[in-house]
Amino acid sequence: MSSDPVLVVHGGAWAMPDDMVEAHLRGVRNALASGWHVLERGGAALDAIEEAVVIMEDDETFDAGRGSFLNRDGKVQMDALIMDGATLRAGGVGCVERLPNPVRAARKILSESPHVYFVGEGAERFAAEHGVEWCSNEELVIPREVERLREYQQKAAGQVSAKDGKDLFAPAISHDTVGAVALDRDGNIAAATSTGGTLNKAPGRLGDSSLIGCGCYADNLSAAVSTTGWGEPIMKLVLAKWTADRVSAGNLPQWAAQEAMNYLAQRLNGHGGIIVLNAQGQIGIAHNTPRMAWAVKTAKKEEAGIECGAS
Ligand code: ASP
């Protein structure tokens with residue numbers, strides 16, 4: 001039986017200022033168009049989410065690919081995961097520094113490796129051996145982020161000396177991670193998440209985004225999920241799998257998405273956003289941050305926004 005395709009993307013959840021709304025909406029709409037192009041021709045959900053995420057990695061608006069946040073050393077260090085709900089095959093990369101499109105490397109791992117996850121140099125070597133585009137780390141660094149890091153480090157130094165007790169490890173600024181979930185005509189779902197992580201993170205720090213079940217998960221029997229937000233609490237709660245389990249228990253994706261955000265806030269004072277899709281084409285979008293860039297497309301409608309009833 002053939003399914004009506006569905007595509008949902010997000011471009012991060014945070015207190016996005018008004019002057020950044022347009023760029024985020026444009027970015028998620030472009031991603032939607034690219035992924036939909038695959039789905040409408042009968043392509044696989046896996047291919048659609050890869051293409052959608054590549055568009056957002058290439059867009060400097062988002063914290064993924066070029067334009068990512070910088071780590072403490074001033075370098076871009078990225079994580080990505082892609083997962084196929086039909087087979088549970090997955091591909092992940094962590095702490096890569098020389099790939100403009102980490103999701104492409106993740107996809108190659110899913111399709112062409114017996115392994116599931118590669119980090120650092122080994123991930124980059126795997127990518128090169130499989131024809132994935134490389135670049136220098138400098139090419140991924142943009143002036144906006146150099147300035148943002150400088151300001152943050154200056155402020156942080158002041159706070160430490162003032163000992164005002166502020167938690168510097170709870171990034172309250174932006175979360176521009178990108179993600180996509182899709183359902184294809186064959187009834188298969190898939191999910192992908194890609195990120196530059198959090199601003200001023202320690203080198204080697206990995207967040208939730210690329211960890212199976214934390215920032216991304218897909219299983220035809222439950223749901224495809226992608227999260228964004230403060231990674232440490234999301235990881236501790238294994239939040240994507242937690243949400244998918246609630247869908248497989250018979251709950252609607254929208255309910256599960258909202259519950260996940262409540263759980264994140266109540267259990268660990270975490271903040272973020274989530275998109276959820278099941279193999280019946282039912283979707284969930286929620287965030288406990290003031291805003292989250294999202295977009296949805298089906299054969300009947302196309303919508304994009306920065307707020308949803310759930311926040
Ligand atoms: N979740 C990501 C991380 O902690 C950040 C984000 O969503 O923007 O690495």
Side-chain angles (χ1 to χ4, degrees), residues 9-16 20 24 27-28 31 53 56-57 59-72 75-81 92-97 102-103 106 117 119 140 144-145 148-149 152 167-181 191-217 225-243 257 260-261 264-265 268-275 285-294 306 311:
V9 304
H10 73 76
W14 53 294
M16 189 190 304
M20 296 189 76
H24 281 76
V28 291
V53 166
M56 293 187 282
E57 288 176 337
D59 185 335
E60 290 174 13
T61 304
F62 302 106
D63 175 29
R66 188 175 143 80
S68 286
F69 288 157
L70 302 181
N71 71 9
R72 202 173 59 196
K75 278 186 154 185
V76 165
Q77 208 169 61
M78 302 159 294
D79 316 319
L81 186 87
V93 293
C95 297
V96 292
E97 298 183 353
V103 75
Y117 205 98
V119 296
L140 301 174
R144 179 193 71 205
E145 294 307 321
R148 200 202 297 263
L149 181 68
Y152 182 91
D167 184 1
L168 292 175
F169 299 100
I173 40 154
S174 51
H175 291 291
D176 276 322
T177 289
V178 305
V181 293
T193 307
S194 180
T195 190
T198 48
L199 177 61
N200 196 48
K201 66 186 179 181
R205 176 266 187 192
L206 199 82
D208 62 306
S209 306
S210 65
L211 297 180
I212 291 187
C214 299
C216 185
Y217 194 71
V225 181
S226 174
T227 70
T228 176
W230 181 17
E232 279 72 9
I234 295 173
M235 286 158 79
K236 291 171 191 167
L237 299 175
V238 198
L239 199 62
K241 178 68 161 64
W242 185 96
T243 310
M261 292 299 100
L264 178 62
L268 286 177
N269 201 20
H271 57 262
I274 191 165
I275 55 175
I285 303 176
H287 51 102
N288 62 14
T289 50
R291 287 173 164 172
M292 175 170 85
W294 58 270
I306 41 126
S311 65

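Order of appearance sets the numbers: ligands from 1, and atoms from 1 within every ligand.
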| Any ion pair linking Lys201 and Glu232 (charged N to carboxylate O, less than 4.0 Å)? |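 A salt bridge is absent here (no side-chain N lies under 4.0 Å from a carboxylate O).
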Please check whether [X] reaches ligand 1 - meaning an N/O of the residue sits under 3.5 Å from an N/O of the ligand, judged on distance alone.
X	result
Asp208	yes
Asp79	no
Thr177	yes

Do you know which two heavy atoms are closest between [X] and [Y], and how far apart they sit?
X	Y	result
Val9	Val28	CG2-O, 3.6 Å
Met261	Gly272	SD-O, 3.3 Å
Arg291	Met16	NH1-O, 2.8 Å

If you count the atoms of ligand 1 from 1 in the order shown, which ones are under 4.0 Å from a heavy atom of [X]?
X	answer
Thr198	4 (O)
Ser209	1 (N), 2 (C)
Thr228	6 (C), 7 (O), 8 (O)
Gly197	9 (O)

| request: Under 4.0 Å, heavy atoms only, figure out whether ligand 1 is touched by the backbone of Met78, its side chain, both or neither. | output: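 The answer is neither.
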| Side chain or backbone of Asp176 under 4.0 Å from ligand 1, or both, or neither, by non-hydrogen atoms? |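 It is the backbone that touches ligand 1; the side chain stays farther off.
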| query | In terms of side-chain heavy atoms, does His271 have a donor or acceptor partner in His175 at a distance below 3.5 Å? | reply |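 Indeed, the side chains of His271 and His175 share at least one donor-acceptor pair under 3.5 Å.
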| message | What I want to check is whether the side chains of Ser210 and Tyr117 have a donor and an acceptor closer together than 3.5 Å. | response |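 On atom types as modelled, these side chains qualify, holding a pair under 3.5 Å.
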| Closest candidate by heavy atom, reference atom 9 (O) of ligand 1, pool Arg205, Glu232, Met235, His271 |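 Among Arg205, Glu232, Met235, His271, the closest heavy atom to atom 9 (O) of ligand 1 comes from Arg205.
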| task | Pick, from Gly229, Gly231, Ala13, the option with the minimum heavy-atom distance to atom 5 (C) of ligand 1. | result |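 Among Gly229, Gly231, Ala13, the closest heavy atom to atom 5 (C) of ligand 1 comes from Gly229.
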| Pairwise distance CE(Met56) to OG1(Thr177) - rounded to 0.5 angstrom |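 Separation between the atoms: 10.5 Å.
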| Roughly how far apart are His10 NE2 and Phe62 CZ, rounded to 0.5 Å? |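 Separation between the atoms: 10.0 Å.
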